[in-house]
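What follows is a short report on a single structure.
Basis for what follows: all heavy atoms, side chains included, without hydrogens, waters or symmetry-related copies. Just so it is clear, the structure is predicted and the values come from calculations on it, not from any experiment. Below, read A as the first sequence line, B as the second, and so on, with proteins coming before strands; counting in each chain starts at 1.
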Amino acid sequence: MSDEIRRNMPLFSMGIVTDLTELSSRQVRYYEQQGLIRPVRTKGNQRLFSFNDVDRLLQIKSLMEKGVNIAGVKEMLREKDQQQAQEAQPEPQPQEVTKPDLSDAELHKLLKRQLSELGSRPNQSHLIRGELSRFFH
DNA sequence: GTTCTAACA
DNA sequence: TGTTAGCA
């Protein structure tokens, strides 16, 4: 798949990325430190982001807006990476009967864990609980 | 003019 | 996270 090489091709500067994602450069750099993205560096030490990097940043932004913290975002993307890694390698089982996107189940688990961390952030607790109600009806 | 790192009235 | 300082 030569499409992968295109998606991972370093093309965007910090300015383009902050424009595209509406995230601050501070946030983008911080997320890189957290290992959520790995933009390439130019000879002048400037970051060059790929389409995949931008895509991940948008996912991070989306999760953050829903009240998920960095730890939660890390786990979400980590699991997504695992799935991609498996899809990249031909599974020895050609007949995959049960292939749930377990996106909801994992999210449920993660959000449940988040519930215990809410004590440190009383500000958005009500907002988060509102989102959580969807899973605990 | 833009991006980078480090640090905090 | 914002923002500022001092470089490249």
Can Arg26(A) and Glu32(A) be counted as an ion pair, charged N to O under 4.0 angstrom? no

I'd like to know if the side chain of Thr18(A) reaches the main chain of Glu22(A), judged simply by a donor and an acceptor atom lying under 3.5 Å from each other, with no hydrogens or angles considered. no

Atom OH of Tyr30(A) and atom P of dA6(B) are separated, to the nearest Å, by 15 Å

Whole Å only: how far is the CD atom of Glu65(A) from the C1' atom of dT1(C)? 15 Å

Side-chain N or O of Arg29(A) versus OP1/OP2 of dC4(B): is the shortest distance under 4.0 Å? yes

May I ask you to test the Arg47(A)-Arg41(A) pair for a side-chain heavy-atom distance under 4.5 Å? yes

Complementary nucleotide of dT2(B), counting Watson-Crick and G-U pairs under 3.5 Å: dA8(C)

Quick one: Met14(A) CE to dG1(B) C1', roughly how many Å, whole number? 16 Å

Is the shortest side-chain N/O distance from Tyr31(A) to OP1 or OP2 of dT1(C) below 4.0 Å? yes

No-hydrogen, no-angle side-chain donor-acceptor test under 3.5 Å, Gln27(A) and Ser24(A): yes

Taking for each residue the nucleotide of DNA chain C with the nearest heavy atom, is it Ile70(A) or Gly44(A) whose nucleotide lies nearer the 5' end? Ile70(A)

Please determine, for dT1(C), whether a Watson-Crick or G-U wobble partner exists with both distances under 3.5 Å, and give it or none. none

Look at Ser25(A) and dT3(B) and indicate whether a side-chain polar atom (N or O) is within less than 4.0 Å of OP1 or OP2. no

What's the closest nucleotide to the Ser13(A) side chain, out of dC4(B), dT3(B), dT1(C)? dT3(B)

Hey, are the side chains of Val17(A) and Leu57(A) touching, using non-hydrogen atoms and a 4.5 Å cut-off? yes

Taken to the nearest whole Å, CE/Met64(A) to P/dT1(C) is 4 Å

What does Arg47(A) touch in the nucleic acid at a heavy-atom separation under 4.0 angstrom: a base, only the sugar-phosphate, or nothing? sugar-phosphate

Specify the separation, in whole Å, of atom NZ of Lys61(A) and atom C1' of dT1(C). 15 Å

When all nucleic acid strands are considered with a 4.0 Å heavy-atom cut-off, which category describes Gly15(A): base, sugar-phosphate, or nothing? sugar-phosphate

Could you tell me how far apart Gln46(A) (CD) and dG1(B) (C1') are, to the nearest whole angstrom? 11 Å

Are OP1 or OP2 of dT1(C) and a side-chain N or O of Ser24(A) less than 4.0 angstrom apart? no

Over how many whole Å does the gap from Ile16(A) atom CD1 to dG1(B) atom P extend? 17 Å

note: Gln27(A), atom CD; dT1(C), atom P; distance rounded to Å ~ 4 Å

